[in-house]
Amino acid sequence: MKQYLDMCKYVLENGENREDRTGTGTRSVFGYQTRYDLRDGFPLMTTKKMFLRPIAEELLWFIKGDTNIKYLVDRNVKIWNEWPYEDFKKSPDFNGETIEEFVEKIKTDDEFAKKHGDLGPVYGAQWRDFNYEGVDQLAKLVDSLTNNPFSRRHIICAWNPAQVDNMALPPCHAFLQFYVSADKKYLSCQLYQRSADIFLGVPFNIASYALMTEMLARTCGYEAKEFIHTIGDAHIYKDHFEVVKQQIAREPLPKCKLVLNPDVKSIFDYKIEDIKIEDYQSHGKLVGKVSV
Ligand SMILES: Nc1nc(=O)c2c([nH]1)NC[C@@H]1CN(c3ccc(C(=O)N[C@@H](CCC(=O)O)C(=O)O)cc3)CN21
Ligand SMILES: O=c1ccn([C@H]2C[C@H](O)[C@@H](COP(=O)(O)O)O2)c(=O)[nH]1
């Protein structure tokens, strides 16, 4: 995906060096947009090795309306573990446990998971029960896509100013809008992401929303067309500069194919085994530290 590599280059060459909340330091550009055509393949990064499973599990977790990492931990998805662990370290229950011990306790002790595994009212809560007031944005979206295709209000908003201070991490991919083509054949999705970790987060975010667009398209009677990714603070962490340069030097390979179980008729019914990719070719893995 050349668009992604162009963005990496653009930020390295034109970004400003900035301090950031995590203390790592970034190079950053404000405002950047990329478009991915979903008709010619699925946009899973090919210039480093990726796995769709953690991305799909995280999306199913959002769709369920779940906000506790237990669901992810039980499925060996590690991407959210650091955040509740940081909170746990500050709690009176903390006894010097390592993150591995913390994760093991989440897996085996339900009471512990309930108390220390929740991220607060993050994505899942806002999507399915906005402000804990019963507003199911995802169900409303499915209804409007099905019954009012040309609406300009096909929106899901995860940014909730009233609850943002109670979240382990305020939403990054915050505002989503969908668009049905004039011939009612295609569905496109645009995401506004306020803050984007270009090396670690963005490849996840692109694949996640491309997958969600495909799932919505197929269950609402459309074909997925485009994913448009609009970013506010587009940044590369300083400790990712070298791996990003390595990645830019790699030639993108042909995109893989997404295979969704055609028997699933509702976005709420997908299970992990209904989601597969075929013909995925990639360069080798590239590793970078996550700034917490
Ligand atoms: N600094 C930062 N960057 C992020 O991308 C990010 C956050 N924080 N906080 C919340 C979530 C968690 N996300 C993450 C966290 C870790 C990986 C990561 O380590 N990815 C590895 C593979 C990990 C795996 O498959 O288990 C990678 O190579 O992409 C990716 C996204 C995205 N978000
Ligand atoms: O889906 C995600 C979630 C998070 N990120 C990145 C963007 C930033 O680097 C951090 C969040 O820090 P803030 O100080 O709250 O902006 O996580 C991402 O890229 N994608």
Side-chain angles (χ1 to χ4, degrees), residues 1-16 18 20-21 26-45 47 50 55 58-59 62-63 122-123 126-127 130 137-138 140-141 144-145 149-161 164 167 169-182 186-217 222-237 240 244 247-248 252 255:
M1 288 186 304
K2 188 173 173 301
Q3 307 92 306
Y4 172 81
L5 298 180
D6 287 345
M7 170 168 66
C8 292
K9 251 184 261 174
Y10 184 84
V11 172
L12 282 179
E13 285 166 14
N14 301 282
E16 48 178 88
R18 292 164 69 89
D20 82 290
R21 176 186 55 78
T26 67
R27 189 166 298 163
S28 148
V29 159
F30 187 53
Y32 197 97
Q33 186 178 70
T34 43
R35 309 177 80 98
Y36 302 91
D37 196 329
L38 305 176
R39 291 168 300 182
D40 61 10
F42 186 74
L44 188 66
M45 217 50 69
T47 44
M50 290 191 60
I55 297 168
E58 186 202 46
L59 179 61
F62 293 155
I63 292 173
V122 294
Y123 303 99
Q126 303 305 334
W127 285 17
F130 189 83
Q137 298 190 79
L138 187 55
K140 280 173 177 275
L141 175 72
S144 71
L145 287 177
F150 302 137
S151 170
R152 294 170 292 211
R153 304 171 186 176
H154 297 310
I155 283 168
I156 288 185
C157 182
W159 187 266
N160 178 355
V164 77
M167 306 181 195
L169 194 69
C172 287
H173 34 105
F175 192 92
L176 272 179
Q177 185 175 5
F178 293 85
Y179 181 92
V180 175
S181 63
Y186 293 114
L187 180 70
S188 294
C189 167
Q190 176 164 203
L191 164 68
Y192 185 87
Q193 181 164 350
R194 65 167 180 86
S195 172
D197 173 347
I198 292 179
F199 178 71
L200 272 187
V202 168
F204 267 63
N205 299 135
I206 297 168
S208 174
Y209 283 105
L211 175 59
M212 183 181 185
T213 307
E214 291 281 2
M215 284 161 58
L216 278 168
Y222 305 108
E223 282 172 47
K225 185 179 180 191
E226 259 190 312
F227 171 61
I228 299 142
H229 195 188
T230 302
I231 299 176
D233 186 323
H235 51 268
I236 301 177
Y237 283 100
H240 294 164
V244 169
Q247 197 175 356
I248 292 170
K255 287 198 234 170

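Since this is a predicted model, take the numbers as computed values, not measurements.
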Do you know which two heavy atoms are closest between Ile155 and Arg152, and how far apart they sit? CD1-O, 4.4 Å

Shortest non-hydrogen separation from Phe150 to Ala182 and the atoms involved: CZ-O, 3.4 Å

What heavy-atom pair brings Ala158 and Pro171 nearest, and what distance separates the two atoms? O-CG, 3.3 Å

Minimal non-hydrogen separation, Tyr4 against Ile198, with atom names: OH-O, 2.6 Å

Are the side chains of Phe42 and Leu211 in contact, using a 4.5 Å heavy-atom criterion? yes

If you define the side chain from C-beta out and look only at heavy atoms, does anything of Phe62 sit under 4.5 Å from His173? yes

Heavy atoms, side chains only, cut-off 4.5 Å: are Ser195 and His235 in contact? yes

Short side-chain to backbone donor-acceptor contact, Arg27 and Leu12, under 3.5 Å: yes

Any donor-acceptor N/O pair, Gln126 side chain to Trp159 backbone, under 3.5 Å: no

Taking side chain as C-beta onward, heavy atoms only, is Leu138 less than 4.5 Å from Met212? yes

Taking salt bridge (charged side-chain N to carboxylate O under 4.0 Å, His left out) as the definition, give me every residue that meets it alongside Glu223, ordered by chain and number, with sequence neighbours left out. none

Looking at Arg39, I want to see if its CZ is surrounded by more than 12 non-hydrogen atoms of other residues, nucleotides or ligands under 6.0 Å. yes

Looking at side-chain heavy atoms only, is the closest gap between Leu169 and Val122 below 4.5 Å? no

What orientation do His229 and Phe227 show, parallel under 30°, tilted 30 to 60°, or perpendicular over 60°? tilted

So, for Leu176 and Cys189, which heavy atoms are closest and what is the spacing to 0.1 Å? CD2-SG, 3.7 Å

Taking side chain as C-beta onward, heavy atoms only, is Pro43 less than 4.5 Å from Gln3? no

Hits for salt bridge (charged side-chain N to carboxylate O under 4.0 Å, His left out) against Lys255, two or more places apart or cross-chain, chain-then-number order -> Asp40

For Tyr192, look at atom OH and say whether over 12 heavy atoms of other residues, nucleotides or ligands are found less than 6.0 Å away. yes

For residues 28-35, dump all side-chain donor-acceptor pairs below 3.5 Å to protein atoms at least two apart in sequence or in another chain.
| from | atom 1 | to | atom 2 | distance (Å) |
| --- | --- | --- | --- | --- |
| Ser28 | OG | Asp233 | OD1 | 2.9 |
| Gln33 | NE2 | Gln190 | OE1 | 3.1 |
| Gln33 | NE2 | Thr230 | OG1 | 2.9 |
| Thr34 | OG1 | Tyr36 | OH | 3.3 |
| Arg35 | NE | Glu226 | OE2 | 2.9 |
| Arg35 | NH2 | Glu226 | OE1 | 3.2 |

So do the side chains of Ser188 and Lys225 get within less than 4.5 Å of each other, counting heavy atoms only? yes

For a quick test of reading the model, state the closest non-hydrogen atom pair linking Ala224 to Thr213 and the distance between them. CB-CG2, 4.2 Å

